[in-house]
Amino acid sequence: MRRLVILGGGTAGTMVANKLRRRLDREQWQVTVVDQNDVHAYQPGFLFVPFGTYQPAQILKSRRKQLSRAVDLVLGEVDRVDPAANTVTLTDGRRLAYDYLVIATGTSPRPDQTPGMLGPQWRKSIFDFYTLDGAAALAAALRDFDGGRFVVHIVDMPIKCPVAPLEFAFLAEAYFRHRGIRDRVELVYATPLPGAFTKPIASAELGAMLDERKIAVEADFMVERIDPDTKTLVSYDEREIPFDLLVTVPLNMGADWVARSGLGDELNYVPVDRHTLLAKGHDNVFALGDASNIPTSKAGSVAHFSVEVFVDNFLAHIDGKPMTGSFDGHTNCFVESGDGQGLLIDFNYDTEPLPGMYPLPGAGPFPLLRESRFNHWGKLAFRWLYWHMLLPGRPVPLPAHMSMAGKHQPATEPDKE
Ligand SMILES: Cc1cc2nc3c(=O)[nH]c(=O)nc-3n(C[C@H](O)[C@H](O)[C@H](O)COP(=O)(O)OP(=O)(O)OC[C@H]3O[C@@H](n4cnc5c(N)ncnc54)[C@H](O)[C@@H]3O)c2cc1C
């Protein structure tokens, strides 16, 4: 028996286990997924929990039930991998041997990495929504918030779903308006980026949307610490942002076991070849989803498109053939913008988000980089697609590679104006 061990049974780990289980001979291959718990959370749903749109129970399912019965699930926490001995050790001492390893342990918010964040104001006036606990605690805080300085903040890049803090700011603005307290709330968006987003055309569009909503942007803000006594964010260049309620996205980091195993960079992301996702310096270790260091967004869509390319490559690789598939960094994300509207962005390693229509040129139905009700419905429909199509590894009629069909370059590029 040859052994494929997949560390992490989240978005990428579940998709790849189910897809490969169908393609690998059951007499010859054992497929095992390791995860620390049996609760699979639909993370894009965390955005809606603070506003009461989803209740936590609506976005949780059993991990075991998302996996093919022919996949073994081991519940336990990975302590370390010994790539020379091809073994995984769990924190309870159990040891698993592998012939091929897929690392899919994702990335997690780390409030412990910013001085003052986990102090006396944590979950009192400082919240996150990148964990389900945080999103649920924030729902109660938002209901009680009656006015003051409301700051949405990102510690540093990269973070998973880099548009999620913007979506949170748009939804919060609409929420305060609908509650009739918008005039009592000063909204600030503090980001380490020079503008609203990483890529110039999208940044100009999303920046204009923040302006229209009178959300002040504090750009290039690199937080050094939070002073819990004065409730102030303090940056390395000594700027200060006071807050009454802070919604922060803590530093995101790959799993600590990656560092303990000598497999990661300074943020515990696994350096890989960006086209094949093979870990650098290894011939039988791959990293998929948020766990790798590929220079595109950390997003479920990336996990999906890259797994499509990876599966055929993997089957060739185990047969000693060259991997001819090349992942292009394809990402697409719906951006919820409040009042039942949303945008969609679609891009890859080389092409930034451009206006146009997706997936069909002209017909769409999803407009790119433009607000539309279709995009809002697409965002909500994505939850069904996730559980019923993506996780089971069923074919989805969206090409894995980004297409230029239906896209156009705007007349003036905002960064060159
Ligand atoms: C608020 C929010 C909104 C988002 N919105 C979108 C969106 O709209 N569109 C989109 O495409 N993406 C979105 N994302 C991002 C998306 O959820 C992630 O990119 C995606 O889940 C990554 O998949 P993954 O398999 O790499 O990691 P995950 O799905 O996070 O899975 C990692 C798994 O590893 C396990 N694990 C970690 N460490 C260990 C260990 N030591 N031992 C054992 N198991 C371990 C975890 O339990 C987890 O199950 C959003 C994320 C958040 C937080």
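Indexing begins at 1, ligand by ligand and atom by atom, following the structure's order.
- The atoms of ligand 1 that sit less than 4.0 Å from any heavy atom of Pro44 are 3 (C), 4 (C), 5 (N), 6 (C), 7 (C), 8 (O), 13 (C), 17 (O).
- Taking any N or O of Gln36, backbone or side chain, at least one lies under 3.5 Å from an N or O belonging to ligand 1.
- With hydrogens left out, the protein atom closest to atom 25 (O) of ligand 1 is Ala12 N, 2.8 Å, a heavy atom.
- Here the protein heavy atom with the shortest distance to atom 37 (C) of ligand 1 is Thr105 O, 3.4 Å.
- Taking every non-hydrogen atom of Trp257 and a distance limit under 4.0 Å, the qualifying atoms of ligand 1 come out as 41 (N).
- Atom 22 (C) of ligand 1 has Asp290 OD2, 3.1 Å as its closest protein atom, hydrogens excluded (heavy atom only).
- Considering backbone and side-chain atoms together, Gly300 places an N or O closer than 3.5 Å to an N or O of ligand 1.
- Under the 6.0 Å cut-off for aromatic ring centres, Phe145 and Phe176 qualify, their centroids lying closer than that.
- Residue contacts with ligand 1: Asp35 is placed with a nitrogen or oxygen under 3.5 Å of a nitrogen or oxygen of the ligand (distance criterion only).
- Side-chain contact of Ser235 with Glu224: a donor-acceptor pair under 3.5 Å is absent, judged by distance alone.
- Smallest separation of non-hydrogen atoms from Glu167 and Cys161: OE1-SG, 4.3 Å.
- Taking the six-membered ring for Trp, Phe168 and Phe48 have ring centres at least 6.0 Å apart.
- When hydrogens are left out, the protein atom nearest atom 14 (N) of ligand 1 is Cys161 CB, 3.5 Å; that is the closest non-hydrogen contact.
- For residues 146-157, the side chain to side chain donor-acceptor pair (under 3.5 Å) pairs, not counting sequence neighbours, are Asp146-Arg184, Arg149-Glu186, His153-Thr248.
- No N or O atom of Asn332 sits closer than 3.5 Å to an N or O atom of ligand 1.
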Set out, in order, the CA-CA distance, both residues' side-chain angles and the distance that settles salt bridge (charged side-chain N to carboxylate O under 4.0 Å, His left out) for Asp273 and Lys280, then state yes or no. CA-CA 6 Å; Asp273 176 284; Lys280 296 229 164 110; over 6 Å; no
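- Here is the list of ligand 1 atoms found below 4.0 Å of a heavy atom in Gly10: 25 (O), 29 (O), 31 (O), 33 (C), 49 (O).
- Of the inter-residue distances, the one linking Thr107 atom OG1 with Lys160 atom NZ reads 6.0 Å to the nearest 0.5 angstrom.
- Take Asp99 and apply the salt bridge (charged side-chain N to carboxylate O under 4.0 Å, His left out) test, not counting sequence neighbours, and it matches Arg3.
- Between Thr11 and ligand 1, at least one pair of N/O atoms sits closer than 3.5 Å.
- Side-chain rings of Tyr42 and Tyr54 stay apart, their centers remaining 6.0 Å or farther from each other.
- Which parts of ligand 1 touch Gly289 is read off a 4.0 Å heavy-atom cut-off, strictly below it: atoms 26 (O).
- The closest approach between any non-hydrogen atom of Arg63 and ligand 1 is below 4.0 Å.
- For Phe46 and Phe129, the ring centers are positioned 6.0 Å apart or more.
- Any N or O atom pair closer than 3.5 Å counts here, and Val78 shares at least one such pair with ligand 1.
- Aromatic ring centres of Phe327 and Phe310: separated by at least 6.0 Å.
- Residue Glu167 has no N or O atom closer than 3.5 Å to an N or O atom of ligand 1.
- If you number the atoms of ligand 1 from 1 as listed, the ones under 4.0 Å from a heavy atom of Lys298 come out as 19 (O).
- The closest approach between any non-hydrogen atom of Ser297 and ligand 1 is not below 4.0 Å.
- Ligand 1 has no N or O atom lying under 3.5 Å from any N or O atom of Cys333, backbone or side chain.
- Scanning the protein for heavy atoms near atom 17 (O) of ligand 1, the closest one is Gln43 CB, 3.4 Å.
- For His40, the heavy-atom gap to ligand 1 stays at 4.0 angstrom or more.
- Remark: distances from the non-hydrogen atoms of Ala104 to ligand 1 include one below 4.0 Å.
- Two rings, from Tyr386 and His304, have their centers 6.0 Å or more apart.
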